[in-house]
Structure formats: C-alpha cells, structure tokens
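Chain letters run A, B, ... following the sequence lines, proteins first and then strands; every chain starts at 1.
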Amino acid sequence: MRPIRRQRLYLIIVMLLGIGTAVAFTLKAFNDNLMFFFSPSDVVMGKAPARQAFRLGGMVVDGSVERPGDDLLVRFKLTDYGKDVAVEYTGILPDLFREGQGVVTKGRLRPDGVFVAEEVLAKHDENYMPPEVAGSLKKETVAGRPASEEK
Amino acid sequence: MKQVVCMKRRSTLNAFYFLLKRDLILNFRRRAEIANPLLFFVIVITLFPLGVGAKPQLLQSMAPGVIWVAALLAAMLSLDRIFRSDFEDGSLEQLLLSAHPVSVLVLAKVAAHWLVTGLPLLVVAPLLAVLLGLPVDAMGVLVVTLLLGTPVLSLVGAIGVALTVGLRRGGIILSLLVLPLYIPVLIFASNAVDMAAGGLPVTAQLSMLAAFLALALALAPWPAAAALRISLS
Amino acid sequence: MFMRFFHRMASPPYFYVISGRWLPWLAVICLALILAGLYGGLVEAPADYQQGDSFRIIYIHVPSAWMSLFIYVVMAVAGGIGLIWHIKLAEMVAVSSAPIGASFTFLALVTGSLWGKPMWGTWWVWDGRLTSELILLFLYLGVIALYGAIDDKRRAGRAAAILALVGVVNIPIIHYSVEWWNTLHQGPTVTKFDKPSIHISMLIPLLLMAGGFKLFYLIAVLMRLRSEILERERNSKWVTALVGSEDRRQKTEDRVQESDVDPRRVGP
Amino acid sequence: MTFSSADCEPDKPEYYLEACDLTCVRDDQVLFDGLNFRIGSKQVLLIEGKNGSGKTSLLRILCGLGLQDGGEVKWCGESIERLGAGYHQHLAYVGHHDGIKRDLTVLENLHMAQALDQPGRLTIDQALEKVNLWGYEDVQAHALSAGQRRRLALARLLVTDNCLWILDEPFTAMDKEGIADFERLIATHTAHGGLVVLTSHHSLNCDGADVQRIDLS
C-alpha cells in the first residue's frame with residue numbers, strides 16, 4: 001500500500017508544479033502588455049499596427065471636437081495625458097460621448113497619422129452620483145485632474 | 001535476484017508507455033481513420049474562400065481565426081475516438097481496474113490522440129495559411145500556437161468525452177460541453193497570429209497559451225479519470 | 001453544534017421538512033427587499049450626473065451579474081462537496097442551481113445589452129467581460145444538458161458536478177476581466193477596496209436588490225431541491241408516507257371526476 | 001471458514017473480501033437489499049440467479065466499478081473505495097465485454113494486460129498453452145472465434161498477478177473442453193491461495209475447491 005501512497009504524492013507534486021508553471025506564465029503574460037487596445041502614446045511611438053485595424057482608447061481632449069461640415073463627419077483628439085492622436089469619424093456618436101470622456105474607437109491609421117475610426121464607443125466610468133454631487137466635486141478639484149479620471 | 005524483483009514490479013511509467021504504444025498501433029492499423037480529421041480541417045478551410053469571396057485582404061485578415069476555428073472543430077470531431085472503442089469492447093473497465101493511477105493512463109491516451117490528430121494539423125496548417133495569404137512572418141507563430149494549443153484541446157476534450165462516453169447520443173452534448181472551454185484557447189491563439197501578421201510582439205499571448213497548456217496537463221487528467229468512473233458506473 | 005446541524009440538514013427527509021417551514025418566511029422577506037429596492041432605485045434615487053435615468057437599469061443588471069457568478073461558485077462548491085463526501089443533497093444543490101444561474105446570466109446579458117446601446121453606442125462588444133459572461137452562460141447550459149442527458153440521476157448529478165468544477169476556471173477570468181483587458185466595460189464600483197464609488201443614495205437600493213436576488217435564488221433552489229428530493233427518494237418509506245396517502249386519494253378523486261364510472265366502484 | 005496459513009505460499013498473506021449490507025436499486029427495482037457475505041483465500045463464490053436479478057450489477061459493485069445504493073465492500077477489512085488502486089492491484093475482472101482489442105494480436109493483448117497490472121506466475125507462452133491458444137500469438141483478435149476470444153480474456157488472468165478473480169459468465173461461448181480446462185484453472189488458482197467470484201449458468205465442477213453459493217432470485 002505504501003508505494004501507492006508514495007505514487008499519489010508524486011502525482012500531486014507534478015500537479016502542483018504544473019499549476020506553478022501556469023501561474024508563472026500567466027504573470028509573464030500580464031507583464032508583457034496583454035492588451036486588445038492601444039493608447040495614443042503607443043500610436044505616436046509607432047507601436048500600433050500600421051496595416052491593420054485596431055482599437056484605440058483614450059480621453060476626448062477638451063475643446064477638440066469639431067464638425068467641419070453639415071454631414072456626420074466629426075474630428076476630435078484622444079489623449080492619455082501623454083500624447084494626443086487626431087481621430088476622424090463619420091456617423092452618429094453615442095449619448096455619453098462628451099469632451100473629457102473616455103472612449104474606445106476601432107479603425108485604421110492613415111499614413112498621415114490620423115486615426116480613421118469605423119466605430120466609436122463611449123466608456124462610462126465606475127462612478128455613480130447625483131448631478132449636484134458631481135458639480136460640487138468638480139468645483140473642488142478644478143485645479144487638479146478631474147476626480148473621475150484616475151489613470 | 002534483485003533484478004528479477006525489478007522486472008516483476010512494473011512501473012506506472014511503463015504502463016504509460018505501453019498504453020501510448022498500444023493506441024498508436026491501433027490507430028496505425030486503422031490508417032484511413034487518421035486522415036479523416038485532417039481532411040475535415042483542409043476542407044473546412046478551403047470552404048471559406050469559396051463562401052466569403054476570394055478577396056486577398058479579407059482572407060488574410062480572416063486567416064488566423066479561420067484556421068483556428070477549423071482546428072477546433074477538427075479536434076472536437078476526433079475526440080470521441082479517445083475512449084469510445086475502449087468503452088465498447090470493455091478495455092476501459094480494464095484500465096479503470098488496473099493497478100496504476102487512472103489519471104496517468106488517461107494522459108497516455110490523450111497523448112496518443114494528440115500525436116494522431118493534433119500533430120498532423122501542425123504540418124498542414126502552414127500550407128493552408130499560404131492559401132489564405134497569411135504573411136510569412138506569422139507562419140512561425142501559427143505553428144507555435146498550434147503546438148501549444150492543440151494539446152489543450154485534446155486534454156480538455158478528454159474530460160468531455162469521459163463525461164459523455166456512456167451516452168448513446170453523446171456527440172452533440174459533447175460539443176456543448178467542450179466548445180465553451182475551448183474559447184479561451186481560440187481567443188488567445190488567433191489573437192497571437194493576428195498580431196504576428198501585423199508585425200507586433202506576441203509573447204504575452206504565447207505565454208497565456210503556455211499557461212493553459214501547463215494547467216491542462218496538470219489538472220485535466222484528474223477530472224477525466226473521475227468522469228470515466230462515473231460514466232462506467 | 002454547527003457540524004451537527006449540517007449533518008442533520010444533509011439528510012433529505014429532515015431537510016425536506018425544515019425547508020418547507022422556512023419557505024414562506026423567506027418569500028416574505030425576499031418580496032419586501034425587492035419592493036423596497038425597486039422603490040428606492042426607481043423613485044427615490046437621483047438621476048446619475050452622466051447617464052441620467054438610464055443608469056437605473058443597474059438595479060437589475062448588477063445584482064443579476066453578481067448572482068450569475070455567485071451561483072456558479074455555489075454550484076461548483078456543492079458539486080465538489082457532493083463528489084468528495086458523497087453527500088446526495090450537495091449534488092442536488094449543484095444541479096438545481098444550474099437553471100437558476102443560467103437565467104440570471106441571461107438576464108445580466110440582456111440588461112447589459114439594453115444598457116450598452118444608449119451608453120456605449122452598441123448592443124454588444126466582444127470585450128473581456130461580455131465574452132466571458134457569455135461563456136459562463138454556455139457553461140451553465142452544458143451542465144443542464146449533461147444532467148438531462150444521463151438517465152440515472154445519481155450518475156447525472158456527479159457528471160454535472162465534475163463539469164461545473166472544470167468550468168470554475170472561467171470565474172476568475174470573468175471577475176478580473178475588466179481590470180485585465182481594460183476595455184469598454186466599466187471597472188468595479190461597489191467591490192473596490194477603498195470606498196465604493198457610488199453615491200450612498202444609489203448604493204442602498206442596489207444592495208437591497210442584491211439581497212432580494214440572493215433570497216430569490218435561495219427560495220428557487222429550495223423549491224427545486226424539494227421536488228428533486230421527492231423524485232429521487234420516491235421509493236423510500238418517508239416519501240411514501242408523506243405523499244402516498246394524500247396522492248392516492250387525489251388520484252382517485254381525479255379519476256372519478258373524469259370518468260362516468262360509479263364512484264363506489266373505484267375506491268380501494 | 002478456517003484458513004491455515006501453512007497451505008498458502010509463504011509470501012502470500014491471507015486475503016478476504018466482504019460485502020456488508022449491500023443494496024442495489026436499478027430503475028425503481030430493488031435488486032438486492034442487505035446482502036452480506038465474506039470469502040477468503042482458497043474460496044470460490046458462485047453467484048446464481050435468473051436474468052436481471054442483479055448478478056452483473058453485484059459483480060461491478062464488488063469491483064468498485066458500479067455504485068451501490070447502500071452498504072460497503074471491504075477488502076481485508078478496508079473499504080475498497082478508500083483503497084482504490086491498492087485494491088485493484090489484487091483484482092482481475094472479466095466482464096460481459098472481454099476487454100480484448102480486436103485490432104491487436106493475441107500477444108499484444110496479453111502484453112498490455114501485463115503492463116496494466118503486474119506480470120504473474122505464468123509466462124505468456126505457458127498461459128496460452130493452458131487455455132489452448134498456443135500457436136495463435138500473432139493472430140489479430142478479430143480473427144479469433146468468440147470462444148477463443150473468451151479464452152484469451154481468461155489467459156489474461158493467468159499472466160497477471162492477481163489473487164482475486166471476478167468473472168462475469170466466464171463460460172459464455174466456450175466449448176465443453178474449454179469449460180473443463182477453465183474449471184481446472186480455477187481449482188489451481190484457489191489452491192494457490194486465490195479467491196474467485198463468478199456468475200455462471202453452468203454448474204461449476206471444481207474438485208477440491210471450497211465453493212460458496214449465493215442465489216439472488
């Protein structure tokens with residue numbers, strides 16, 4: 001009976017080794033940026049794919065949204081508080097799309113460095129509060145970064 | 001005298017080796033069946049250009065996903081073979097009643113299954129990738145993802161087959177059980193090939209796949225063994 | 001004392017009687033919680049500074065999303081207990097939880113989709129959390145299908161328990177997906193380590209609803225368990241004693257009403 | 001039921017198999033309820049009963065394959081569920097399906113059996129001679145007749161080192177000669193201190209063996 005118990009012990013050790021390896025690889029994966037989207041800094045530094053469509057996420061820069069014509073074309077800038085990227089989009093923007101708001105866009109980079117979005121999705125943050133509270137919060141943090149954008 | 005004792009007490013590793021060899025011999029004696037999942041893989045992939053149109057750019061962007069989905073389905077269709085024939089002729093009972101840990105024996109059977117159905121995909125996939133216009137840079141990554149990913153498919157699939165082997169109509173249920181568990185592999189593998197085609201680093205995705213493989217190797221044989229016990233009771 | 005309570009609860013007849021006594025009370029509390037939560041959420045709570053009134057769907061979406069994970073964990077833990085210690089009741093808890101969990105997962109997906117359209121601008125995105133929640137739904141469906149496919153219910157319960165345990169791998173992925181992938185879905189609001197980033201007037205109804213949903217699950221699982229127990233133990237003496245006499249009388253009456261036979265000839 | 005250890009081989013300890021209050025219910029039918037027995041080394045247990053009386057279910061429960069609805073099976077005083085592989089290393093089972101791979105040769109089948117358990121007293125050649133399959137080593141099992149396959153399954157018992165044999169209708173498809181051969185093998189096995197549990201529709205003719213009977217119907 002003893003060899004069987006010993007064998008079971010070996011198997012458990014092998015199993016733990018396997019789990020350990022798995023954890024190590026997972027941690028490694030999270031250290032190497034395992035992202036399905038890119039930040040404006042990545043784009044400016046040339047880390048984003050040139051030929052392919054990808055997701056670009058960031059905050060809409062205050063005062064950067066402009067509608068040059070009567071059609072649905074919108075131009076705005078996205079930032080991650082490091083670098084900015086100009087974005088063009090033709091279509092209807094979601095309700096939550098505002099300046100200073102986080103958005104995720106999907107599209108391709110044009111050779112001139114402008115990101116042509118096929119889709120714009122507005123991200124809402126995890127804060128929920130009545131408007132009055134939000135207003136008073138804004139007044140308090142007017143000098144620093146907005147409270148909701150901790151990144 | 002001591003040697004005689006050693007000869008008499010055969011080790012679990014020996015059982016693993018014998019079972020692996022037995023399954024490979026059995027597969028070899030039914031060669032025609034080995035080719036089936038491979039042919040399925042090839043045919044499914046050739047269907048896509050015919051179905052969605054042969055625009056090179058479209059095909060190229062779809063290639064990683066198409067190849068991986070086809071690999072997934074091919075692996076799934078061949079899963080039943082791991083335990084079915086052993087179940088029908090009573091060999092499975094003998095495995096469960098052997099003096100060795102069933103999880104090790106399960107691992108041997110899965111290894112044989114992978115060698116027969118997973119490994120050939122690795123050889124054929126680059127050729128099909130060429131047909132779909134996948135950039136040459138991504139070829140290596142494609143093979144690596146298949147090398148890391150297909151064993152996971154066999155290992156996780158073994159649990160599903162073990163759960164359904166006693167059922168008369170296990171096939172459809174099997175896909176319902178196994179495919180959701182395959183999704184993470186599909187996501188990371190096809191994403192890795194996709195990124196490689198765009199010339200981007202893929203170490204993160206490959207590490208994830210390696211983690212899946214380590215986890216599946218360490219854990220999957222246990223529930224599969226337990227499931228076999230339940231299916232046979 | 002506590003262990004003894006558990007041992008007694010693991011015996012089906014005792015459990016059947018006790019749970020029957022609990023059910024009405026639980027139902028009353030659950031109803032009260034949900035009504036209070038709905039009133040608080042839909043009437044009392046102020047509109048959100050960003051999302052206006054649309055955010056109110058949170059009171060269904062978030063509790064059901066929590067429940068979808070919670071029930072899965074309960075199912076897996078119960079399945080594991082049932083497999084290891086051969087406790088029939090634990091296996092039954094596992095399999096009776098599956099359909100309820102699947103419903104909550106479906107509800108979370110649907111309400112999320114309804115919420116996503118006005119807020120994000122899309123019904124559906126393939127981001128980490130949405131995808132893994134969808135996989136969770138498939139896992140639930142797999143457990144249900146497997147349980148249904150095996151005729152011998154004891155074997156079916158064990159097989160389903162194994163499948164539930166295997167699927168547990170998905171739970172941490174769902175839970176951390178928003179942090180790992182940082183895509184469209186918002187990060188955690190209530191379960192953050194510092195203080196929740198939701199205003200107290202909005203939080204209280206949310207917690208009420210969460211409590212109500214938990215109780216609803218408890219009630220639903222108890223009811224399913226009770227019928228499962230009756231079905232599986234139909235050959236045992238206590239079930240025959242409990243149901244038999246009443247049931248036979250009922251059946252006789254039914255037959256009498258349906259047919260034109262002289263009632264006197266039907267009785268035993 | 002007394003054993004004297006002097007009769008046993010010196011390195012073989014005493015073994016015994018017990019059933020305590022075994023209950024089995026299949027599809028609402030109670031097959032057996034509160035079944036008790038105990039057999040030890042050198043004994044044969046013959047389980048009789050009509051079709052559907054639960055013979056096969058009982059054997060599978062004794063192997064640890066089937067699930068009982070109550071009670072326990074013990075090997076040398078310990079529950080077989082707890083023992084797991086520690087019980088299986090003493091056990092050889094031949095069920096309804098003989099567990100023979102049809103695409104493997106006779107020799108390969110027996111090699112596999114040895115790899116899964118421990119090699120036993122007899123070499124493969126000796127065992128094949130005993131079951132009258134000498135000369136068929138390299139024939140694939142699908143070319144054998146049903147009776148020959150049954151003999152092959154029984155040869156598996158001889159080449160592995162198991163003291164407990166559990167056999168489900170071992171004589172199916174075998175000719176008179178084969179049955180007689182096999183009855184002799186059972187007698188030898190018990191004489192060496194082995195235990196045999198079997199079901200059979202044939203009457204068992206084992207001279208010298210201590211045969212107990214249980215009728216399930």
Asks: Rounded to the nearest 0.5 Å, what separates atom CD1 in C:I135 from atom CG in B:L181?
Replies: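 Spacing of CD1 (C:I135) from CG (B:L181) equals 9.0 Å.
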
Asks: Between B:L177 and C:G142, what is the shortest heavy-atom contact and its length?
Replies: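 Minimum heavy-atom separation between B:L177 and C:G142: CD2-O, 3.3 Å.
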
Asks: Which atoms of C:I150 come close to chain B, meaning under 4.5 Å heavy atom to heavy atom: side chain ones, backbone ones, both, or neither?
Replies: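 Both the backbone and the side chain of C:I150 come within 4.5 Å of chain B.
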
Asks: Where does C:D151 contact chain B at under 4.5 Å (heavy atoms): side chain, backbone, both or neither?
Replies: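 The answer is the side chain of C:D151.
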
Asks: If you take all heavy atoms of B:A227 and C:I162, which pair is closest and at what distance?
Replies: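 Nearest heavy atoms, B:A227 then C:I162: N-CD1, 3.5 Å.
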
Asks: Check the surroundings of atom CZ in C:F55: do more than 12 heavy atoms from other residues, nucleotides or ligands lie under 6.0 Å from it?
Replies: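 It does: C:F55 CZ has more than 12 such atoms within range.
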
Asks: Ignoring hydrogens, what is the shortest heavy-atom contact between B:P223 and C:V166? Give both atom names and the distance.
Replies: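 Closest approach of B:P223 to C:V166, heavy atoms only: CB-CG2, 3.9 Å.
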
Asks: Rounded to the nearest 0.5 Å, how far apart are CD1 of B:I183 and OG1 of C:T131?
Replies: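 That separation rounds to 8.5 Å.
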
Asks: Once you round to the nearest 0.5 Å, how far does CG of B:L232 lie from CZ of C:R155?
Replies: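 The distance works out to 8.5 Å.
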
Asks: Before giving the answer on side-chain contact (heavy atoms from CB on, under 4.5 Å), spell out for B:I230 and C:L83 the whole-Å C-alpha distance, their side-chain angles and the decisive distance to 0.1 Å.
Replies: CA-CA 10 Å; B:I230 291 167; C:L83 281 176; 4.2 Å; yes

Asks: Using a 6.0 Å cut-off, check whether atom NZ of C:K153 has over 12 heavy atoms from anything other than its own residue.
Replies: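 Yes, NZ of C:K153 has more than 12 neighbouring heavy atoms, counting only those of other groups under 6.0 Å.
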
Asks: Which atoms of B:I159 are under 4.5 Å from chain C, going by heavy atoms: the side chain, the backbone, both sets, or neither?
Replies: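 For B:I159, side-chain heavy atoms alone lie under 4.5 Å from chain C.
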
Asks: Check each atom of B:R229 against the heavy atoms of chain C and say whether the ones under 4.5 Å are side chain, backbone, both or neither.
Replies: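 For B:R229, no heavy atom lies under 4.5 Å from chain C.
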
Asks: What part of B:T164 gets closer than 4.5 Å to chain C, counting heavy atoms only: side chain, backbone, both or neither?
Replies: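 Only the side chain of B:T164 comes within 4.5 Å of chain C.
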
Asks: So with a 6.0 Å cut-off around CE of C:M223, is the heavy-atom count from everything else above 12?
Replies: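 No, CE of C:M223 has 12 or fewer neighbouring heavy atoms, counting only those of other groups under 6.0 Å.
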
Asks: Is it true that, when you exclude C:I18 itself, more than 12 heavy atoms of the residues, nucleotides or ligands shown sit nearer than 6.0 Å to its CD1?
Replies: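 Yes, because the 6.0 Å sphere around CD1 of C:I18 holds more than 12 heavy atoms from other groups.
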
Asks: Near C:F106 CZ, under 6.0 Å, is it more than 12 heavy atoms from other residues, nucleotides or ligands?
Replies: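 At most 12 heavy atoms, drawn from other residues, nucleotides or ligands, come within 6.0 Å of this atom.
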
Asks: Work out which heavy atom in B:P180 is nearest to a heavy atom in C:L139; give both atom names and the distance.
Replies: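 Closest heavy-atom pair between B:P180 and C:L139: CB-CD2, 4.1 Å.
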
Asks: Any chance you could measure C:L163, atom CG, to B:L176, atom CG, to the nearest 0.5 Å?
Replies: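 Atom-to-atom, C:L163:CG and B:L176:CG are 9.0 Å apart.
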
